[in-house]
Amino acid sequence: MGLFDFFKRKKKNTVASSNVDPGQEEKIQYETKITGKSITDQSDLIKKIVMKMVEEDPFKNFYGGKTDESFTPASRRVYKYAEISTMNVGLLADKDTDLKILIEGIELGVLPEEIATEMKPYYRKSTLTAYAFITGGFYKEYSAEAQTVTEGYIPYDLDIFLQYN
């Protein structure tokens, strides 16, 4: 018996939430990805959330841990906060169809009506799993022309993943 055969035989143990049917735990009911800019055009608000995420991050692994010396002509652009994420994402019902989204306790805004309408049947009936990742901001990349590492900046945004199980 090989190592892979051993893992194939192992059964997965799942722990079910008390308010969710155990058979439902693994099945994805609904999932979507949305950006912060599709919720609000307030770049200052997005930056405020980004700074709160950076403050709360215990690792502070900026630029993916890369130093200027580790960049080569084959290197891709690396954003300063690319490895920072949060699970501190929540939804609040505000009327029959509105769902407000909060990240790190800061209200980003109301989800677009189409997404909120699709999510509403699962709200409070299924388990929400949500993440937010920082996109944009300060970056470093190798410049073939200058043969050195250059720095730049594009406005911050957030990639938000919402899933109901």
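Keep in mind that the numbers below use all heavy atoms, side chains included, and drop hydrogens, waters and symmetry copies.
Using the six-membered ring where Trp is involved, Tyr81 and Phe62 have ring planes that are perpendicular, over 60° apart on the 30 and 60° scheme. Taking the six-membered ring for Trp and thresholds of 30 and 60 degrees, Tyr153 and Phe138 have ring planes inclined between 30 and 60 degrees apart.
A donor-acceptor distance shorter than 3.5 angstrom exists from the side chain of Thr117 to the backbone of Glu113, with no hydrogens or angles considered. Between the side chain of Thr135 and the backbone N or O of Asp157, at least one donor-acceptor pair lies under 3.5 Å.
Rounded to the nearest 0.5 angstrom, Leu108 CG and Ile39 CD1 are separated by 4.5 Å.
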For this session: Report the C-alpha distance between Gln147 and Tyr142 in whole Å, list the side-chain angles of each, state the deciding distance to 0.1 Å, and finish with yes or no for side-chain contact (heavy atoms from CB on, under 4.5 Å).
Result: CA-CA 7 Å; Gln147 294 187 357; Tyr142 188 84; 3.6 Å; yes

Problem set entry | Chi angles and distances behind the side-chain contact (heavy atoms from CB on, under 4.5 Å) call for Lys100, Leu91 | CA-CA 5 Å; Lys100 291 182 180 180; Leu91 296 175; over 6 Å; no

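Within a 6.0 Å radius of CD in Glu56, other residues, nucleotides and ligands contribute more than 12 heavy atoms. Residue Lys47 qualifies as open at atom NZ: its count of foreign heavy atoms under 6.0 Å is 12 or below. Heavy-atom neighbours of Lys120 NZ from other residues, nucleotides or ligands within 6.0 Å: above the threshold of 12. More than 12 heavy atoms of other shown residues, nucleotides or ligands fall within 6.0 angstrom of atom NZ in Lys80. Within a 6.0 Å sphere centred on CZ of Phe161, other residues, nucleotides and ligands contribute more than 12 heavy atoms. Heavy-atom contacts from other residues, nucleotides or ligands closer than 6.0 Å to CD of Glu114 number 12 or fewer.
Inspection of the Glu31 and Tyr164 side chains reveals no N or O donor paired with an N or O acceptor under 3.5 Å.
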